[in-house]
*Asks:* 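Encoded as structure tokens, here's the structure I'll be asking about.
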Amino acid sequence: MDGLIAHASGTEPEWAAPVRARWSAALGAQRWSPAVPGPAVVVGHSLGGAVALACDSPRIVGRVALSGAGITRLRVPAPLLAATVPWLLRPSVARSTALLRRMAAPGQGELPGHLSSWMCLVARHCRTSLAPPPLPSRLLEQRRTVPTLVVAGRFDPFLPPRALGPAARRRLGAEFQVIEGAGHLLLDEAPVEVSAVVEEFCAALED
């Protein structure tokens, strides 16, 4: 929640200010204590990557942004936009599947069925920004104090490696890796490779 509100503060400050006040009041009323008592590495995918970057918890000792938004402006190629508009206007599982195929690498085959159902729920019930703007430079500059790894799929249509890699190094001083044969849906297209990358990053932090 802290990361979500911090992200919104950078992109939609008028909306975020009252939400932050209500969240702080709720925490105070519940005398909330963090669920993670010690150091943590946060991993976020897509918009979750921007949320991970925005969160300023002192417990965070490393961040991994998988196809992470918030670093540079997202690209929306025409074929992807053509699949997105029907998905938003008249959500259905079939339209969600068509959109997901545009997000995945060419020749990926059938994606898990639960993804289409989930995307249909998102279109029907969630407030989506479609292509969130990058986080403010001052915020990303502050995140340089914590090691960050940014990962992209070779065929990511929103955040192609040629755009995301240089931006991650320039704006964050982050490491950058590419996963071959994957698009934007890294967690479903390449779960084994993603796990290996995250484990390697965590092990390097312990050395």
Side-chain angles (χ1 to χ4, degrees), residues 7 11 42-53 63-135 148-172 174-201:
H7 175 262
T11 58
V42 292
V43 181
H45 173 249
S46 195
L47 181 59
V51 170
L53 290 172
R63 294 182 174 88
V64 181
L66 305 169
S67 299
I71 300 169
T72 189
R73 188 165 295 281
L74 274 67
R75 274 65 170 168
V76 186
L80 192 54
L81 183 61
T84 300
V85 173
W87 167 74
L88 275 177
L89 295 179
R90 297 185 63 188
S92 69
V93 171
R95 287 180 172 143
S96 298
T97 300
L99 175 58
L100 288 165
R101 284 178 178 152
R102 291 291 183 185
M103 295 183 181
Q108 186 61 231
E110 289 301 313
L111 293 165
H114 69 270
L115 274 185
S116 296
S117 298
W118 170 251
M119 286 292 285
C120 189
L121 284 173
V122 169
R124 285 176 176 164
H125 303 292
C126 294
R127 177 174 180 269
T128 173
S129 61
L130 291 181
L135 290 164
T148 299
L149 171 65
V150 177
V151 183
R154 174 63 69 190
F155 299 100
D156 192 324
F158 291 116
L159 295 160
R162 67 181 181 277
L164 184 57
R169 296 185 184 100
R170 183 181 70 255
R171 303 194 71 208
L172 269 172
E175 297 179 51
F176 182 70
Q177 291 193 33
V178 175
I179 292 183
E180 302 294 338
H184 187 70
L185 308 173
L186 284 176
L187 292 171
D188 292 280
E189 295 179 85
V192 173
E193 292 85 347
V194 166
S195 294
V197 164
V198 173
E199 288 178 13
E200 183 180 349
F201 178 73

*Asks:* So how far is it from Leu172 CG to Thr72 OG1, rounded to the nearest 0.5 Å?
*Replies:* 11.0 Å
*Asks:* Find the distance between CG (Leu121) and OG (Ser96) and round it off to the nearest 0.5 Å.
*Replies:* 8.5 Å
*Asks:* For atom CZ of Arg73, decide whether the heavy atoms of other residues, nucleotides or ligands shown that lie under 6.0 angstrom number more than 12.
*Replies:* no
*Asks:* Ala65 and Gly49: which non-hydrogen atoms are nearest, and at how many Å?
*Replies:* CB-CA, 4.2 Å
*Asks:* Using side-chain heavy atoms (C-beta onward) and a distance below 4.5 Å, is Leu99 in contact with Leu80?
*Replies:* yes
*Asks:* Please confirm whether the backbone N or O of Leu100 pairs with a side-chain atom of His184, one donor and one acceptor, at under 3.5 Å?
*Replies:* no
*Asks:* Would you say that Asp188 contacts His45 through its side chain, given a criterion of any heavy-atom pair below 4.5 Å between the two side chains?
*Replies:* no
*Asks:* Please round to the nearest 0.5 Å and tell me the distance separating atom CG of Leu164 and atom CZ of Arg162.
*Replies:* 11.5 Å
*Asks:* side-chain contact (heavy atoms from CB on, under 4.5 Å) between Leu159 and Ile71: does it pass, once the steps are laid out?
*Replies:* CA-CA 10 Å; Leu159 295 160; Ile71 300 169; over 6 Å; no
*Asks:* Does Arg90 offer a backbone N or O that forms a donor-acceptor pair with the side chain of Arg95 under 3.5 Å?
*Replies:* yes
*Asks:* Only one of Ser92, Ser116, Ser117 forms a side-chain hydrogen bond (donor to acceptor under 3.5 Å, both in side chains) with Thr97, so which one is it?
*Replies:* Ser116
*Asks:* Any side-chain heavy-atom pair from Arg75 and Pro157 closer than 4.5 angstrom?
*Replies:* no
*Asks:* Heavy atoms only: give me the nearest Ala190-Ile179 pair and the separation to one decimal.
*Replies:* CB-CG2, 3.8 Å
*Asks:* Considering non-hydrogen atoms only, spot the tightest contact between Pro91 and Arg124 and give its length.
*Replies:* O-NH2, 3.5 Å
*Asks:* Nearest 0.5 angstrom please: Ser46 OG to Leu74 CG, how far?
*Replies:* 7.0 Å
*Asks:* For the residue pair Pro161 and Ala152, what are the closest heavy atoms and their distance?
*Replies:* CG-CB, 4.2 Å
*Asks:* Nearest heavy-atom pair of Leu135 and Ala50: which atoms, and what distance?
*Replies:* CD1-O, 3.7 Å
*Asks:* When you measure from the side chain of Arg102 to the backbone N and O of Ala82, does any donor-acceptor pair fall under 3.5 Å?
*Replies:* no
*Asks:* State whether the side chain of Glu189 and the backbone N or O of Ala182 hold a donor-acceptor pair below 3.5 Å, judged by distance alone.
*Replies:* no
*Asks:* Heavy-atom distance under 4.5 Å between the side chains of Pro106 and Phe155, does that happen here?
*Replies:* yes
*Asks:* Give the minimum heavy-atom separation between Trp87 and Met119, together with the two atoms involved.
*Replies:* NE1-O, 3.0 Å
*Asks:* Taking atom CZ of Phe176 and atom OG1 of Thr148, what is their separation to the nearest 0.5 Å?
*Replies:* 13.5 Å
*Asks:* Enter the distance from Cys120:SG to Leu115:CG here, rounded to the nearest 0.5 Å.
*Replies:* 12.5 Å
*Asks:* Do Val151 and Val194 have side chains that get closer than 4.5 Å, going by heavy atoms?
*Replies:* no
